[in-house]
Asks: 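First the structure, then my questions, so here it is.
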Amino acid sequence: MKILVTGGCGFIGSHTCCELLDNNYEVVVIDNLSNSKEDVIDKIKKITNKDLKFYKGDLCDKELVDKIFKNENIDAVIHFAGLKAVGESVKKPLLYYRNNFDSTLTLLEVMCKYNCKKLVFSSSATVYGNPKTLPIKEDFPLKTTNPYGSTKLYIEGILKDLYNSDHEWSIAVLRYFNPIGAHKSYLIGENPNDIPNNLMPYIVKVATGKLEQLSIFGNDYNTIDGTGVRDYIHVVDLAIGHIKAIELINKEKGIDFYNLGTGHGYSVLEIVKTFEKVNNVKVNYKITDRRPGDIDACYADCSYALKKLNFKATKTIEEMVKDSYEYAKRNS
Ligand code: NAD
Ligand code: UDP
C-alpha cells in the first residue's frame with residue numbers, strides 16, 4: 001500500500017514515515033520545508049534501511065500535487081502539512097487560513113480526481129477549547145480560541161461535509177494531545193530554530209544552555225500544584241496511532257474522530273522535576289503571569305481509540321523526557 005505523507009519532514013510526520021516503512025508501507029512525502037529540513041529524508045532512510053520518495057514543494061501547488069498522484073498511484077494520505085504555532089496564528093491569521101485551508105482543499109480536490117478516498121488528518125486537542133469536565137471525550141463540545149485551532153476545527157467540518165456528500169470516503173481525524181520525545185536513534189526529533197512556544201522544547205533549550213530560564217506561565221490554576229496540566233504523549237506512540245488509523249480506514253468507510261493521548265495529566269512543575277531527575281540536569285525556572293488563552297488542565301479519555309483503533313500509548317513520561325533531552329544534546 002502506498003501512502004502520501006504531507007508534511008513528512010516535520011516532527012510527527014518523520015516519525016510516522018519510519019513506522020510506515022517499518023511496517024512495509026511504501027511512502028511518498030511532500031513537504032515545502034517551511035518548518036523542517038531536507039536531511040530528515042536521509043535520516044528516515046538510515047533509520048529504516050528503506051527507500052522513500054520525496055517531492056520538495058508546496059501542497060497548495062495543484063500542478064505538483066496532481067503530478068504526484070499521476071506518477072505514484074497513491075492509496076491513502078496522511079495529512080500533517082500545516083502551520084502550527086498558536087501565537088503566530090493570532091498575529092498572522094490570514095497566513096494560517098491561507099496555508100492550512102489552501103493546502104487541504106488542493107489535496108482533497110486532487111484526491112477526488114484520482115479517486116483516492118482514504119485520509120488520516122492531524123487535528124488537535126485544541127478543538128475542545130476549555131473543557132467543562134475531564135477526561136475529554138470525543139463527543140465533547142468543540143470551540144477554539146485562536147486562528148490555528150479554528151483551521152483544525154473548520155477542516156474537521158470540511159471533512160464531515162465531504163463524507164456526507166460521498167460515502168465512499170474513509171476518514172480518520174486524529175486529535176493529538178501534547179507530543180514530545182524523539183526516535184530512539186536520536187536522528188529525528190523536535191528542534192525548533194526559533195524561541196520555542198511549547199513547554200518541552202523550551203525546557204530542553206534551558207537544559208542545554210541555549211536559553212537562560214524557563215518561564216512557568218502561572219501557578220494559580222485549579223490543578224494539583226497550580227501549574228497547567230497536559231496530556232503528554234511520546235511521538236513514537238503517536239506515530240504508531242497513525243498505522244492503526246490506516247489499518248482501520250483500509251477496512252471501513254466513514255468518518256470518525258479519535259483522541260490520541262495517554263489519559264494521564266502532568267503539571268508543568270511535575271514535568272520540570274521529572275526532567276531534572278531523569279536527566280540529572282538543572283532547569284532554571286521562574287513563575288510568571290499566565291499565558292493568555294491557556295486552560296487549567298487537559299487530558300484525554302483514550303477509551304474510544306483503544307476500542308476502535310486498538311491503540312494504546314505505552315511509553316512513560318520518564319522515557320519521553322529522556323528522549324527529548326538526548327535528541328537535543330546530539331542535535332543542537
Ligand atoms: P511540523 O511543523 O514539525 O511539521 C509540519 C510540516 O508541514 C513541516 O515539515 C512543514 O515544512 C510542512 N508544511 C507546512 N505547510 C506546508 C505546505 N503548504 N506544503 C507542504 N508542506 C508544508 O509540525 P508537527 O508537530 O509535526 O505537526 C504535524 C501536524 O500535527 C500539524 O498539522 C499540526 O498542526 C498537528 N498537531 C501538532 C501538534 C504538536 O504539538 N506538535 C499537536 C496537535 C496537532
Ligand atoms: N508552558 C509554560 N512555559 C512555557 C511553555 C508552556 O509554563 O514556556 C505551560 C503552558 O502554560 C501549559 C503547558 O506548559 O500549561 C503546556 O504548554 P504547551 O504550549 O507545550 O502546550 P499547549 O498549551 O498547547 O497544550
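Computed from a prediction, not measured in an experiment: that's the story for all the values here.
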Asks: For the residue pair His183 / Ser185, report whether a side-chain donor-acceptor contact shorter than 3.5 Å exists.
Replies: yes

Asks: Would you mind writing out the side-chain donor-acceptor pairs for residues 287-294 within the sub-3.5 Å range, not counting sequence neighbours?
Replies:
{"unit_1": "Thr288", "atom_1": "OG1", "unit_2": "Ile216", "atom_2": "O", "d": "3.3"}
{"unit_1": "Arg290", "atom_1": "NE", "unit_2": "Asp220", "atom_2": "OD1", "d": "3.0"}
{"unit_1": "Arg290", "atom_1": "NH2", "unit_2": "Asp220", "atom_2": "O", "d": "3.1"}
{"unit_1": "Arg291", "atom_1": "NE", "unit_2": "Asp294", "atom_2": "OD1", "d": "3.2"}
{"unit_1": "Arg291", "atom_1": "NE", "unit_2": "Asp294", "atom_2": "OD2", "d": "3.1"}
{"unit_1": "Arg291", "atom_1": "NH1", "unit_2": "Asn197", "atom_2": "O", "d": "3.1"}
{"unit_1": "Arg291", "atom_1": "NH2", "unit_2": "Asp294", "atom_2": "OD1", "d": "3.3"}

Asks: Would Lys253 and His167 count as a side-chain contact (heavy atoms from CB on, under 4.5 Å) here? Give the steps.
Replies: CA-CA 7 Å; Lys253 295 192 168 76; His167 285 66; over 6 Å; no

Asks: Ignoring hydrogens and angles, state whether a donor on the side chain of Lys152 or Asn100 is under 3.5 Å from an acceptor on the partner side chain.
Replies: no

Asks: Go through the steps to decide whether Arg330 and Glu326 satisfy the test salt bridge (charged side-chain N to carboxylate O under 4.0 Å, His left out), and finish with yes or no.
Replies: CA-CA 6 Å; Arg330 296 176 200 208; Glu326 279 303 321; 3.2 Å; yes

Asks: State which residues pass salt bridge (charged side-chain N to carboxylate O under 4.0 Å, His left out) with Asp75; sequence neighbours excluded, sorted by chain then number.
Replies: none

Asks: Please test His79 against Ser122 for side-chain hydrogen bond (donor to acceptor under 3.5 Å, both in side chains), starting from the C-alpha separation and ending with a verdict.
Replies: CA-CA 6 Å; His79 178 30; Ser122 300; over 6 Å; no

Asks: Is there side-chain contact between His264 and Tyr299, with heavy atoms separated by less than 4.5 Å?
Replies: no

Asks: At what distance, to the nearest 0.5 angstrom, does CE of Met200 lie from CD1 of Ile180?
Replies: 4.0 Å

Asks: Would you please name every residue forming a salt bridge (charged side-chain N to carboxylate O under 4.0 Å, His left out) with Arg230, sequence neighbours left out?
Replies: none

Asks: State whether the side chain of Asp296 and the backbone N or O of Tyr221 hold a donor-acceptor pair below 3.5 Å, judged by distance alone.
Replies: no

Asks: Ile30 and side-chain contact (heavy atoms from CB on, under 4.5 Å): which partner among Leu107, Asp58, Ile68?
Replies: Ile68

Asks: Just checking, any donor-acceptor pair under 3.5 angstrom between side chains of Asp323 and His234?
Replies: yes

Asks: Charged N to carboxylate O below 4.0 Å: is that the case for Asp42 and Lys46?
Replies: no

Asks: Please determine whether the number of non-hydrogen atoms from other residues, nucleotides or ligands lying under 6.0 Å from atom CG of Asn164 exceeds 12.
Replies: yes

Asks: Answer yes when Glu88 and Lys91 have at least one side-chain N-carboxylate O distance shorter than 4.0 Å, and no when they do not.
Replies: no

Asks: Could you give me the CA-CA distance, side-chain angles and deciding distance for Lys62 and Asp66, then say whether salt bridge (charged side-chain N to carboxylate O under 4.0 Å, His left out) is met?
Replies: CA-CA 6 Å; Lys62 200 165 192 173; Asp66 194 287; over 6 Å; no

Asks: How many angstroms lie between atom CG of Asn178 and atom OG1 of Thr262, to the nearest 0.5 angstrom?
Replies: 9.5 Å

Asks: If you measure from CH2 on Trp169 to CG on Leu108, what distance do you get to the nearest 0.5 Å?
Replies: 5.5 Å

Asks: On a heavy-atom basis, which atom in Ile246 and which in Ala76 lie closest, and how many Å separate them?
Replies: CD1-CB, 4.2 Å

Asks: Report the distance from atom CD1 of Ile171 to atom NZ of Lys160, rounding to the nearest 0.5 Å.
Replies: 11.5 Å

Asks: What pair of heavy atoms forms the shortest contact from Pro131 to Ala297, and how long is it?
Replies: CG-O, 4.2 Å

Asks: Report the C-alpha distance between Thr48 and Asp22 in whole Å, list the side-chain angles of each, state the deciding distance to 0.1 Å, and finish with yes or no for side-chain hydrogen bond (donor to acceptor under 3.5 Å, both in side chains).
Replies: CA-CA 6 Å; Thr48 59; Asp22 284 346; 5.3 Å; no

Asks: When you look at Arg175 and Glu156, which way does the salt bridge (charged side-chain N to carboxylate O under 4.0 Å, His left out) test go after all the steps?
Replies: CA-CA 10 Å; Arg175 294 177 179 151; Glu156 288 197 4; 2.7 Å; yes

Asks: Taking NZ, NE, NH1 and NH2 as the nitrogens, is one of them in Glu318 or Lys277 under 4.0 Å from a carboxylate oxygen of the other?
Replies: no

Asks: Cut-off 3.5 Å, side chains only: do Asn73 and Tyr114 have a donor facing an acceptor?
Replies: no

Asks: Heavy atoms, side chains only, cut-off 4.5 Å: are Thr151 and Phe101 in contact?
Replies: yes

Asks: Does the side chain of Phe121 reach to within under 4.5 Å of the side chain of Ile155, using non-hydrogen atoms?
Replies: yes

Asks: Below 3.5 Å, can you tabulate the donor-acceptor pairs from side chains in residues 202-214 to any protein atom, sequence neighbours excluded?
Replies:
{"unit_1": "Lys205", "atom_1": "NZ", "unit_2": "Pro192", "atom_2": "O", "d": "3.0"}
{"unit_1": "Thr208", "atom_1": "OG1", "unit_2": "Val204", "atom_2": "O", "d": "2.8"}
{"unit_1": "Thr208", "atom_1": "OG1", "unit_2": "Lys205", "atom_2": "O", "d": "3.4"}

Asks: Ring centres under 6.0 Å, that's the criterion: do Phe177 and Tyr232 meet it?
Replies: no

Asks: For residues 138-146, which side-chain donor-acceptor pairs fall under 3.5 Å, sequence neighbours excluded?
Replies:
{"unit_1": "Glu138", "atom_1": "OE2", "unit_2": "Asn259", "atom_2": "N", "d": "2.8"}
{"unit_1": "Thr144", "atom_1": "OG1", "unit_2": "Ser150", "atom_2": "OG", "d": "2.9"}
{"unit_1": "Asn146", "atom_1": "OD1", "unit_2": "Tyr148", "atom_2": "N", "d": "3.2"}
{"unit_1": "Asn146", "atom_1": "OD1", "unit_2": "Gly149", "atom_2": "N", "d": "2.8"}

Asks: Establish, from distance only, whether the side-chain atoms of Tyr25 and Glu19 form a donor-acceptor pair under 3.5 Å.
Replies: no

Asks: State, with a plain yes or no, whether a side-chain heavy atom of Met1 is found less than 4.5 Å away from one of Glu26.
Replies: no

Asks: Any donor-acceptor pair under 3.5 Å linking the side-chain atoms of Asn279 with those of Lys322?
Replies: no

Asks: Rounded to the nearest 0.5 Å, how far does CG of Leu174 lie from CG of Leu309?
Replies: 7.0 Å

Asks: Mind checking the OG-CD1 spacing from Ser14 to Ile188? Nearest 0.5 Å is all I need.
Replies: 4.0 Å

Asks: Looking only at side chains, do Glu319 and Thr316 share a donor and an acceptor under 3.5 Å apart?
Replies: yes

Asks: Any side-chain heavy-atom pair from Leu83 and Asn35 closer than 4.5 angstrom?
Replies: no

Asks: Does some side-chain heavy atom of Thr104 sit less than 4.5 Å from a side-chain heavy atom of Ile158?
Replies: no

Asks: Step through it carefully: locate the ring centre of Tyr176, locate the ring centre of His242, and say whether they are under 6.0 Å apart.
Replies: yes

Asks: State, with a plain yes or no, whether a side-chain heavy atom of Phe217 is found less than 4.5 Å away from one of Ser215.
Replies: yes

Asks: Please tabulate, one pair per line, all N/O donor-acceptor pairs under 3.5 Å involving side-chain atoms of residues 301-308, not counting sequence neighbours.
Replies:
{"unit_1": "Asp301", "atom_1": "OD1", "unit_2": "Ser303", "atom_2": "N", "d": "2.9"}
{"unit_1": "Asp301", "atom_1": "OD1", "unit_2": "Ser303", "atom_2": "OG", "d": "2.5"}
{"unit_1": "Asp301", "atom_1": "OD2", "unit_2": "Lys137", "atom_2": "NZ", "d": "3.2"}
{"unit_1": "Tyr304", "atom_1": "OH", "unit_2": "Asp256", "atom_2": "OD2", "d": "2.4"}

Asks: I want to check something: taking the side chain as every heavy atom from C-beta on, are Leu59 and Asp31 in contact at a cut-off of under 4.5 Å?
Replies: no

